[in-house]
Amino acid sequence: MSDSAPMPGFPDGFTWGAATAAYQIEGATRDGGRGPSVWDTFAAQPGRIADGGTGEVACDHYHRYAEDVALMADLGIGAYRFSIAWPRIQPAGTGPANADGLAFYDRLVDELLSHGIDPVATLFHWDLPQALEDRGGWLTRDTAQRFAGYADMVAERLADRVRLWITLNEPFVHMTFGYGLGVHAPGRTEMFGAFPAAHHQLLGHGLAVAALRARGAAAVGITNNYSPVRIIGAGTTTTDTGGGAGATSTSGTSAGADPGTTSGGAELADRAARDAYHALHNRLFTDPLLGRGYPEQAPGLDLSVVRDGDLDVIAAPIDTLGVNYYNPTGVRAPEKGSPLPFELVPLAGFPRTSFDWPVVPDGLYDLLVGLRREYGAGLPPIQITENGCAYDDVVGPDGRCADPERIAYLDGHLRAVARAIDDGVDVRGYFVWSLLDNFEWAEGYTKRFGLVHVDYATQTRTPKSSFSWYRALINRR
Ligand code: BGC
């Protein structure tokens, strides 16, 4: 159950939102001239997706967007974060904009505005046109240039109405899962050789910022996935880890601790492991954005792809840093001879979601104050662009879908946000992941993250009890 103390207040003008992504909800993968994306290719390969699902139909949002916007209006959100499918705009990855593709997002944006909901558009949420992957995808520099061209086309049409642009979603996850480990599209297994996919995404971001500004974009940002890092000492419970944007304590007492101080006696080797993981997951995609270049502790950093001037492009000022948070990461020093500079260790002692992710609201507080500590005045205002959880929600015989665990999850995490704001972190908004149950990448349709239950056989939408809870929170006076 959620905490019985009243939820603290949030600043005036705080944005309440919900988020989705194109491939996860739209379906209609062949409609309106859309070309294939890397996810169409990947999902069609046997064994890639847990339940064999694909995005072909998903939530059929492409056809049902008006019904979905009506749900958002009923929920009372002030902003909706969606993503634009690049292969709808450039079906073959190059060439002029596809009119039908632009028209779909034009209709969606107008529908949102007519309900008083601010459109927040992400330009890339992992669905690269397959034709560009065939030329090397994000491992090649050319994709960064093409991304800026695509951003320009979309902005030419929508910049007058989109309130906030997010260039990329979670470049760390895309690099690691898509190009490093191969568990996401495009299924490449470059391991630490995936670094060019980081650099070219970041370069594409910087070039796109310039393109968006040139079209008069209202505000521009990027969304990163952050995971505060906790040292799990051998044979002990979690110990305090001290510094870093994500570094943290389980006790919640020393989130602001100096880098290097430890209350749990973490060994030097454990701290080196923590710093390496923190550099890879958190700093690699934040330091260069904020003008600090790449962190040298990041493993696999081969800077030969970085050309003169790239870091300046990447450090173009942004208006917002999008923060996605799901859970912290446990690490310790690796065994001797390990190819990795850290060993990942499951965090024990927390409730778990159906993804088996630990539920750690303090991790969100720690990461927010950690970002503030690490980047100081250089940190742009933050939007929490994703936070949420998967549970095995079912619609009962009474037609209701009760999800008390999700209410508790959201309640706990929002209290953590309120605490961080109280402690001086400039957080301007919060978007629940996700509005709808949807295609959860490699997990297919087996994981439900929505405030709204979707019956995929009938496409019936059933708002869950968390939907009513969130609506009451948004509407409280
Ligand atoms: C992604 C979403 C995804 C969610 C839950 C984030 O990494 O941006 O697309 O569904 O996490 O796994």
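Counting starts at 1 for both ligands and their atoms, in listed order. Values below: all heavy atoms of this structure, side chains included; hydrogens, waters and symmetry mates excluded.
- The closest approach between a heavy atom of V173 and any atom of ligand 1 is not below 4.0 Å.
- The ligand atoms of ligand 1 that sit less than 4.0 angstrom from a heavy atom of F449 are 5 (C), 12 (O).
- The ring of F177 has its center no closer than 6.0 angstrom to the ring center of W126.
- With no hydrogens or angles considered, no side-chain donor-acceptor pair links Y65 and E26 at under 3.5 Å.
- Looking only at heavy atoms of the protein, atom 7 (O) of ligand 1 is closest to E170 OE1, 2.5 Å.
- For atom 10 (O) of ligand 1, the nearest non-hydrogen atom of the protein is E440 OE1, 2.6 Å.
- A distance of 8.0 Å separates OG1 of T385 from CD of E170, quoted to the nearest 0.5 Å.
- Ring centroid separation for the pair F82 and H61 does not come in under the 6.0 Å cut-off.
- Within the listing of ligand 1, atoms 2 (C), 3 (C), 9 (O), 10 (O) sit less than 4.0 angstrom from a heavy atom of W441.
- A donor-acceptor pair shorter than 3.5 Å can be found between the side chains of T20 and Y80.
- Regarding atom 6 (C) of ligand 1, its nearest protein heavy-atom neighbour is E386 OE1, 3.1 Å.
- Aromatic rings from H413 and Y430 are positioned such that their centres are separated by 6.0 Å or more.
- Annotation: cation-pi geometry not satisfied between R81 and F431 (NZ/CZ under 6.0 angstrom from ring centroid, within 45° of ring axis).
- The closest protein non-hydrogen atom to atom 4 (C) of ligand 1 is Y326 OH, 3.4 Å.
- Considering backbone and side-chain atoms alike, H125 places an N or O below 3.5 Å from some N or O of ligand 1.
- At under 3.5 Å, not a single nitrogen or oxygen of W357, backbone or side chain, sits near a nitrogen or oxygen of ligand 1.
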